[in-house]
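Below is one structure, written out as structure tokens; comments come after it.
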Amino acid sequence: MQVTRPLRTTAPAALLTATALLALSACGTSEADSTGANGSGANGSGSGPGKTVEVRIPDPGNSGVLALGKKDGSLDKALDKVGAKVKWTGSAGPFAPAAQAMNADQLDIATGSITSGITSLARRPGFRFFTAVDPDAAGEGILVRDGSGIESVTDLIGKKVAVNQGGTGEYLLLKALAKAKIPAEKVERVYLRPDQTAAVLNAGQVDAWAVWATYAVAEIGGGKAHFVADGAAIGSDNYSLNAVRTGFAEQHPEIVRALYDYLHEASAREKKDPAAYLNVFTDVGPTAVTGKAKEVQTEFTAQGGTVDPIGPEDVARFEAVAAFYAEQKVTKEKVDVAAHLLDVEKLT
């Protein structure tokens, strides 16, 4: 495997979109199921009579169903029925630190891809997945600059491609290369954080970027980049999933079910009217989606999936991703994803 050491660079804050991943920047190493004296973890709220359980979820930013739920109070209203409320903490970001935060009992809910989920499960699984959103056929893929001369996946041979290690980017690149029957070592992977990569791509320090909608929208909307292969062309099985800290799910299954019900219904509304879920708090500044980027994001969301329970067909595709990661030596062995799933429809 040919890998380039991470480049040092700075870039503007990433565009927060309706597909932004929920995470917490803090990391930890304590057991996932560690709890406070009241048996409910570090959130300090028990489940006894008259007590309200705090569900720790990172702040959703300016777009998406959680942002709107925060603004109009509908999420807390839904959770109030099961004696819970949200405690917004941290900010949106990658799944890996969110998994670490759940392990450290600093976070209860997070969203990430099956790809980053598998690499996190391979380390220290202190969480379970309880929902699935179908792979984003339109909003993820291999991004190249307009005029780069790269017109197909085959043209990536000998080129540098930015990816986030062990997550969506590395998966998309390896999957695209495998489908085109190109040995992985023929393309140089450059490991970068997603929020660093736009500046690197635009400076010509990498030739392409394997990326998802959260970061692709700004580049495509800016009229300076396009997908040479999107999720559909790649054959991506990169689901988006919601995860819950294992201890929280065991203590408060009714809250997890209520959160699922809210996300399921809200995501269906978002798919029908994507624009209503953009620029929830402000339509100016770095977190606002404007101009062509707004059109791009709206189109991606309209074509995307909704938050649904994890079914047998989903599990089979999860396992295929896990097998692919082991085959590509992203993980040392095949991760047993099925052992870390919840049937949310059976939670009460």
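Keep in mind that this is a model prediction, so the values were computed, not measured.
- Considering only heavy atoms from C-beta on, Asn164 comes within 4.5 Å of Trp212 through its side chain.
- Residues Ser240 and Thr111 come closest through the heavy atom pair OG-CG2, 3.6 Å.
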Verdict with supporting geometry, Phe130 and Ile109, side-chain contact (heavy atoms from CB on, under 4.5 Å)
CA-CA 10 Å; Phe130 66 100; Ile109 302 292; 4.2 Å; yes
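- The distance from the CD atom of Glu319 to the CZ atom of Phe324 is 15.5 Å, given to the nearest 0.5 Å.
- Two residues are said to be in side-chain contact when any heavy atoms from C-beta on lie closer than 4.5 Å; Glu270 and Thr301 meet this criterion.
- Atom CG of residue Leu177 and atom CD1 of residue Ile142 lie 7.5 Å apart, to the nearest 0.5 angstrom.
- A heavy-atom distance below 4.5 Å is found between the side chains of Asp105 and Arg56.
- Within a 6.0 Å radius of CD in Glu333, other residues, nucleotides and ligands contribute 12 heavy atoms or fewer.
- Here the closest non-hydrogen pair linking Tyr239 and Val133 is CD2-O, 3.3 Å.
- Taking each heavy atom of Ala326 and Lys334 in turn, the nearest pair found is CB-N, 3.6 Å.
- Of the possible donor and acceptor atoms, one in the side chain of Thr197 sits under 3.5 Å from a partner among the backbone N and O of Arg193.
- Side-chain polar atoms of Glu140 and Thr168 form no donor-acceptor pair below 3.5 angstrom.
- Judged by distance alone, with hydrogens and angles left aside, the side-chain atoms of Asn103 form a donor-acceptor pair with the main-chain N or O of Gly126 at under 3.5 Å.
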Where do Lys70 and Leu66 land on the side-chain contact (heavy atoms from CB on, under 4.5 Å) test, with the steps shown first?
CA-CA 6 Å; Lys70 176 184 178 181; Leu66 289 178; over 6 Å; no
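- Between the side chain of Lys294 and the backbone N or O of Ala275 there is no donor-acceptor pair closer than 3.5 Å.
- In summary, Lys292 and Glu295 engage in a salt bridge, as defined by a charged side-chain N under 4.0 Å from a carboxylate O.
- Looking at Thr290 and Asp283, their side chains never come closer than 4.5 Å, going by heavy atoms from C-beta outward.
- In this structure, Lys77 does not pair ionically with Asp72, as no charged nitrogen and carboxylate oxygen lie closer than 4.0 Å.
- In terms of modelled atom types and a separation under 3.5 Å, the side chain of Lys271 and the main chain of Ala302 share a donor-acceptor contact.
- We find the NZ-CG distance between Lys160 and Leu192 to be 10.5 Å, quoted to the nearest 0.5 Å.
- Remark: the backbone N or O of Val86 is paired with a side-chain donor or acceptor of Asp76 at under 3.5 angstrom.
- For the residue pair Tyr171 / Gln328, no side-chain donor-acceptor distance below 3.5 Å is found, with atom types taken as modelled.
- With values rounded to the nearest 0.5 angstrom, Ile114 atom CD1 is found 11.0 Å from Arg317 atom CZ.
- Between the Ser113 side chain and the Asn238 main chain, no donor and acceptor come within less than 3.5 Å of each other.
- The CG atom of Leu241 sits 13.0 Å away from the NE2 atom of His340 when rounded to the nearest 0.5 Å.
- Between Tyr215 and Trp209, the ring planes lie tilted relative to each other; the angle falls in the 30° to 60° range.
- Under the 4.5 Å side-chain criterion, counting only non-hydrogen atoms from C-beta, Val211 is in contact with Phe227.
- The shortest distance between side-chain heavy atoms of Tyr262 and Ser74 falls below 4.5 Å.
- Inter-residue side-chain proximity for Val321 and Lys175 is flagged as unmet; no heavy-atom pair is nearer than 4.5 Å.
- Under the 3.5 Å distance criterion, the side-chain polar atoms of Arg257 are matched with a main-chain donor or acceptor of Glu345.
- Judged by distance alone, the side chain of Thr119 and the main-chain N or O of Ser116 form a donor-acceptor pair under 3.5 Å.
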Before giving the answer on side-chain contact (heavy atoms from CB on, under 4.5 Å), spell out for Val337 and Val315 the whole-Å C-alpha distance, their side-chain angles and the decisive distance to 0.1 Å.
CA-CA 8 Å; Val337 181; Val315 178; over 6 Å; no
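- The backbone N or O of Ala104 lies less than 3.5 Å from no partner atom in the side chain of Arg245, so there is not a single donor-acceptor pair.
- Exactly one residue among Val161, Ile150, Ile220 makes a side chain to side chain contact (heavy atoms under 4.5 Å, CB included) with Leu143. That residue is Ile220.
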Give the C-alpha distance, both sets of side-chain angles, the deciding distance and a yes or no for side-chain contact (heavy atoms from CB on, under 4.5 Å) between Asn242 and Leu263.
CA-CA 10 Å; Asn242 279 295; Leu263 293 172; 3.7 Å; yes
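- Considering CG of Leu174 and CZ of Arg189, their distance stands at 4.5 Å, rounded to 0.5 Å.
- Listed here is the closest heavy atom pair of Val144 and Asp207: CG1-O, 4.1 Å.
- Heavy atoms only, all atoms of each residue included: Val163 and Ala210 are closest at CG1-CB, 4.0 Å.
- The backbone N or O of Phe281 sits less than 3.5 Å from a side-chain atom of Asn62, completing a donor-acceptor pair.
- The shortest distance between side-chain heavy atoms of Phe248 and Met102 does not fall below 4.5 Å.
- When every heavy atom of Leu341 is checked against every heavy atom of Ile310, the shortest pair comes out as CD2-CD1, 3.9 Å.
- Ion pairing between Lys224 and Asp146 fails under the 4.0 Å rule for side-chain N and carboxylate O.
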